[in-house]
Amino acid sequence: AAHAPGVREAGGRPGGPDLPPSPFPIEDLLSERELRHVKRLYGIGGLSYGNLSQRKDARRFWMSASGVDKSRLETPGRDILLVSIDDQVRGQIVLSVPPGVEPRRVSVDAIEHWMIYQAHPGVGAILHLHVWMDGIAATEVNYPCGTEELALGVADLLAHEPDPDHAVIGLRNHGITATGESLPEILERIRPSV
């Protein structure tokens with residue numbers, strides 16, 4: 001993942017928070033048929049323990065794909081996606097994929113990351129985890145994951161933080177979104193709390 005410096009290392013970082021594809025080994029608890037049923041019933045394509053992204057430039061950022069094991073972010077265009085927004089097609093997310101690579105689905109949280117990067121040029125990375133921290137600003141409503149309402153709620157709370165470039169925002173009944181200059185810096189800052 002030489003094309004996405006820092007993203008692969010943060011996912012598989014020794015001593016960092018463990019970011020498995022799900023918070024518990026659901027594949028060991030359910031049969032393949034039961035797991036397919038749960039995914040279909042709840043409209044989920046995969047179970048993920050969060051996501052991470054890192055700014056590439058003013059218009060693009062690298063982001064972990066949906067449902068991928070964060071300790072195995074190996075192939076740019078498949079596990080690590082280069083995301084941009086097409087302003088010509090009202091906020092459509094665009095992925096840059098190398099020839100011959102079959103991309104995984106981009107995280108539904110890409111819109112939230114995009115809004116944060118656009119509003120705060122000093123944010124170099126974003127980490128979303130399904131954990132909780134006490135004493136942080138949090139959304140009042142449990143918005144569905146990946147909705148514009150959730151992205152706007154997080155962006156608004158972040159704008160009111162004393163240091164939006166180094167903040168942690170709670171997503172009611174969902175987890176946290178942390179901003180920082182880099183993924184290693186975020187991991188160092190929040191490690192005692194997660």
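If you're wondering where the values come from, they're calculated on a predicted model, not measured in any experiment. Basis for what follows: all heavy atoms, side chains included, without hydrogens, waters or symmetry-related copies.
Side-chain atoms of Ser182 and Gln54 form no donor-acceptor pair, as typed in the model, at a separation below 3.5 Å. Of the N and O atoms on the side chains of Asn51 and Ser64, not one donor lies less than 3.5 Å from an acceptor on the other residue. For the residue pair Ser66/Arg105, the side-chain donor-acceptor check at 3.5 Å is satisfied.
Between Phe61 and Ser53, the shortest heavy-atom distance links the atoms CD1-CB, 3.9 Å. Between Pro103 and Val101 the shortest heavy-atom distance is CD-O, 3.3 Å. Nearest heavy atoms, Ala167 versus Glu161: CB-CG, 3.9 Å. Closest heavy-atom contact between Met115 and Ala151: SD-CB, 3.5 Å. Among all heavy-atom pairs drawn from Asp165 and Gly122, the shortest one is OD2-CA, 3.4 Å. Scanning all heavy atoms of the two residues, the minimum distance from Leu81 to Arg104 falls at CD1-O, 3.7 Å.
In this structure, the side chain of Arg55 engages the main chain of Val123 through a donor-acceptor pair within 3.5 Å. Panel note: side chain Glu74, backbone Ile80; no donor-acceptor pair is recorded below 3.5 Å. The main-chain N or O of Arg60 is found under 3.5 Å from a side-chain atom of Asp57 such that the two form a donor-acceptor pair. A side-chain donor-acceptor contact under 3.5 Å links Arg172 to the backbone of Thr139. Remark: side-chain polar atoms of Asp79 are paired, donor with acceptor, to backbone N or O of Thr75 under 3.5 angstrom. Glu185 places a side-chain N or O within 3.5 Å of a backbone atom of Glu181 that can act as its donor or acceptor partner.
Under the 4.5 Å side-chain heavy-atom criterion for grouping Ile, Leu, Val, Met, Phe, Trp and Tyr, Val108 is not connected to Val83 through any hydrophobic cluster.
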Residues Tyr117, Lys56; criterion side-chain contact (heavy atoms from CB on, under 4.5 Å); working and verdict: CA-CA 10 Å; Tyr117 285 128; Lys56 178 172 177 58; over 6 Å; no
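With a 4.5 Å cut-off on side-chain heavy atoms, Ile176 and Ile169 do not count as touching. By the 4.5 Å heavy-atom criterion applied to side chains, Leu171 and Glu112 are counted as neighbours. Side chains of Met63 and Leu52 form no contact here, defined as non-hydrogen atoms less than 4.5 Å apart. Contact annotation: the side chain of Ile111 never approaches that of Asp109 to less than 4.5 Å [non-hydrogen atoms, C-beta and beyond].
Remark: Thr179 pairs with no residue by the side-chain hydrogen bond (donor to acceptor under 3.5 Å, both in side chains) rule, at least two apart or across chains.
Sorted by first and then second residue, the ring-ring contact (aromatic ring centres under 6.0 Å, His included) pairs involving residues 162-188 (not counting sequence neighbours) are His128-His174, His130-His174.
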